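Presented below is the structure to which this report refers.
Hydrogens, waters and symmetry mates play no part in the numbers below; they use all other heavy atoms, side chains included. Below, read A as the first sequence line, B as the second, and so on, with proteins coming before strands; counting in each chain starts at 1. Every value quoted in this text rests on a predicted model; they were computed, and no experiment measured them.
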2 protein chains.
Amino acid sequence: MYEKKIPKDLNCGMSITLEIIGGKWKPCLIDSIAKGIRRPSDLHRNHPDATKRVLNLHLKELEDHGVVTKIIYPVLPPKVEYFLTDFGATLLPLISHMEKWGSDYMPVFNELQRNKLKAV
Amino acid sequence: MYEKKIPKDLNCGMSITLEIIGGKWKPCLIDSIAKGIRRPSDLHRNHPDATKRVLNLHLKELEDHGVVTKIIYPVLPPKVEYFLTDFGATLLPLISHMEKWGSDYMPVFNELQRNKLKAV
DNA sequence: TCATATAGGGATAATTTTATCCCCGTTGTC
DNA sequence: GACAACGGGGATAAAATTATCCCTATATGA
């Protein structure tokens, strides 16, 4: 990504976890790649709300962090595929845990949001 | 927080989870409060790298999201305590999962960072 | 010949998050 | 009287993240 000016705190496990999966589309990307959606264009079709640009940036970071491997086939038109590394695969249980918590408490959360709106 | 202009996607469990615990100090705050550190000044002492300002903002959001309860004692000098709600307590296993993953892979991660620096 | 699909990225702007600085009022202590 | 501790927050700046727009290049099919 761009050059960062505030050093990260790497002593805390949580900050490392968030450094790796904290991007807006990273969990989705990891999930999709794990499900076999490997090509950039397919990933983009799978997440139309994200820009190609951002997906590329995030994929680059995931690659830099050792979560995915990028394979460029020397053909034309170009073909690229991303694969989850073994390291990246260790994230899957964590991601589903986070996803599950959010889904379980989505009703609670949305209820709160509605009440807040009424109060305002 | 400030007024947001880009609507959040509330269909995805992951986005709700990150909405709730995604702030820079939120997991630390939840963790500290769960451990019995309840007063704002104590929380600040516990996380000196964070500003009082940011801690207040984050605590406010945690309160709005129903994760903590704020109790203001009508005394002088003022006394305030935060408590984890039952809802907030359901976050604890998730947070320790994230914390554990980060700690487990901290060596791997730091090794990668070193190699990247050498390459540059 | 022209549109489309493929993968990528530069330049810049908008948005969001976090940091910095300084202020308020009260009580107790030196 | 001066000062620290308590909890809080306004105004503003910096930093980080994400969005928008447009361009490169090649091959295929209409």
Side-chain angles (χ1 to χ4, degrees), chain A residues 1-9 12 14-15 18-29 33 37-65 68-83, chain B residues 1-9 12 14-15 18-29 33 37-65 68-83:
Chain A
M1 191 144 267
Y2 311 98
E3 195 178 351
K4 305 206 175 144
K5 303 197 174 171
I6 296 182
K8 305 268 170 179
D9 172 20
C12 164
M14 177 60 74
S15 65
L18 286 178
E19 166 78 11
I20 294 185
I21 64 170
K24 185 167 180 181
W25 303 97
K26 284 186 189 175
C28 312
L29 284 172
I33 292 172
I37 303 173
R38 301 215 165 80
R39 302 185 61 178
S41 49
D42 289 336
L43 289 167
H44 187 211
R45 265 188 286 274
N46 228 243
H47 304 289
D49 289 345
T51 318
K52 284 192 306 172
R53 192 82 177 79
V54 190
L55 293 183
N56 278 340
L57 289 174
H58 283 190
L59 285 166
K60 181 77 172 63
E61 287 185 29
L62 290 174
E63 194 192 357
D64 286 348
H65 288 157
V68 300
T69 309
K70 177 179 186 174
I71 296 187
I72 305 177
Y73 300 94
V75 296
L76 280 173
K79 174 173 178 179
V80 166
E81 284 186 332
Y82 290 94
F83 293 88
Chain B
M1 191 143 268
Y2 312 98
E3 195 179 352
K4 305 204 175 148
K5 302 197 175 172
I6 295 182
K8 304 268 171 179
D9 173 21
C12 164
M14 176 60 75
S15 65
L18 287 178
E19 166 77 11
I20 294 185
I21 64 170
K24 185 167 180 181
W25 304 97
K26 285 186 189 175
C28 312
L29 285 172
I33 292 173
I37 303 171
R38 302 215 164 80
R39 302 185 61 179
S41 49
D42 290 335
L43 288 167
H44 187 210
R45 267 188 286 276
N46 227 242
H47 305 289
D49 289 344
T51 318
K52 283 192 307 171
R53 190 83 177 79
V54 189
L55 292 184
N56 278 340
L57 289 173
H58 282 191
L59 285 166
K60 180 76 172 64
E61 286 185 29
L62 290 174
E63 194 193 356
D64 286 349
H65 288 156
V68 300
T69 309
K70 177 180 187 174
I71 295 188
I72 305 176
Y73 299 94
V75 296
L76 279 173
K79 175 173 178 181
V80 166
E81 285 186 331
Y82 290 95
F83 293 89

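Under the rule for a salt bridge (Lys or Arg N to Asp or Glu O under 4.0 Å), the partners of A:Lys26 that lie at least two apart in sequence or sit in another chain are A:Glu61. A:Asp42 meets the side-chain hydrogen bond (donor to acceptor under 3.5 Å, both in side chains) test with A:Arg45; sequence neighbours excluded.
Protein atom CG of A:Asn56 is 6 Å distant from nucleotide atom P of C:dG9, rounded to whole Å. Note: CZ (A:Arg53) to C1' (C:dT12) measures 11 Å, nearest angstrom. The distance between atom CD of A:Glu63 and atom C1' of C:dG8, rounded to the nearest whole Å, is 13 Å. Atom pair A:Leu57:CG and C:dG10:P shows a separation of 10 Å (rounding to whole Å applied). Spacing between atom CG of A:Leu59 and atom C1' of C:dG8 amounts to 12 Å, rounded to whole angstrom units. The interatomic distance linking B:Leu43 (CG) with D:dG7 (P) rounds to 9 Å, in whole Å. Between B:Asp49 atom CG and C:dA19 atom P the separation is 9 Å, expressed in whole Å. Note: CG (B:Leu29) to P (C:dT18) measures 11 Å, nearest angstrom.
When every heavy atom of B:Ser15 is checked against every heavy atom of B:Cys12, the shortest pair comes out as OG-O, 2.8 Å. A:Leu18 and B:Leu18 make their closest contact through CD2-CD2, 4.4 Å (heavy atoms, listed as atom of the first residue, atom of the second, distance). In plain terms, the two heavy atoms of B:His47 and B:Cys28 that are nearest each other are CE1-CB, 3.4 Å.
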Please list each protein N or O that sits under 3.5 Å from an N or O in nucleotides 2-6 of chain C, with the distance.
from  : atom 1 : to      : atom 2 : distance (Å)
C:dT6 : OP1    : A:Arg45 : NH2    : 3.2
C:dT6 : O3'    : A:Arg39 : NH2    : 3.1
C:dT6 : O3'    : A:Pro78 : O      : 3.4

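Here the side chain of A:Lys24 is nearest to one of D:dT20, D:dT18, C:dG8, namely D:dT18. The side chain of A:Val54 lies closest to D:dA19 when the candidates are D:dT26, D:dA19, C:dA19.
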Please tabulate, for the side chains in residues 69-82 of chain A, all donor-acceptor contacts under 3.5 angstrom to protein atoms that are two or more places apart in sequence or on a different chain.
from    : atom 1 : to      : atom 2 : distance (Å)
A:Tyr73 : OH     : A:Glu81 : OE1    : 2.7

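One finds no side-chain N or O of B:Lys60 lying less than 4.0 angstrom from the OP1 or OP2 phosphate oxygen of D:dG7. Listed pair B:His44 / D:dA5 fails the phosphate criterion, with no side-chain N or O lying under 4.0 Å from OP1 or OP2.
For the pair B:Ile72 and A:Trp25, nearest-nucleotide mapping onto DNA chain D gives the more 5' position to B:Ile72.
Counting only heavy atoms from C-beta outward, the side chains of A:Leu59 and A:Leu43 approach each other to under 4.5 Å.
When heavy atoms are screened at a 4.0 angstrom cut-off, A:Lys26 is found touching no nucleic acid atom at all.
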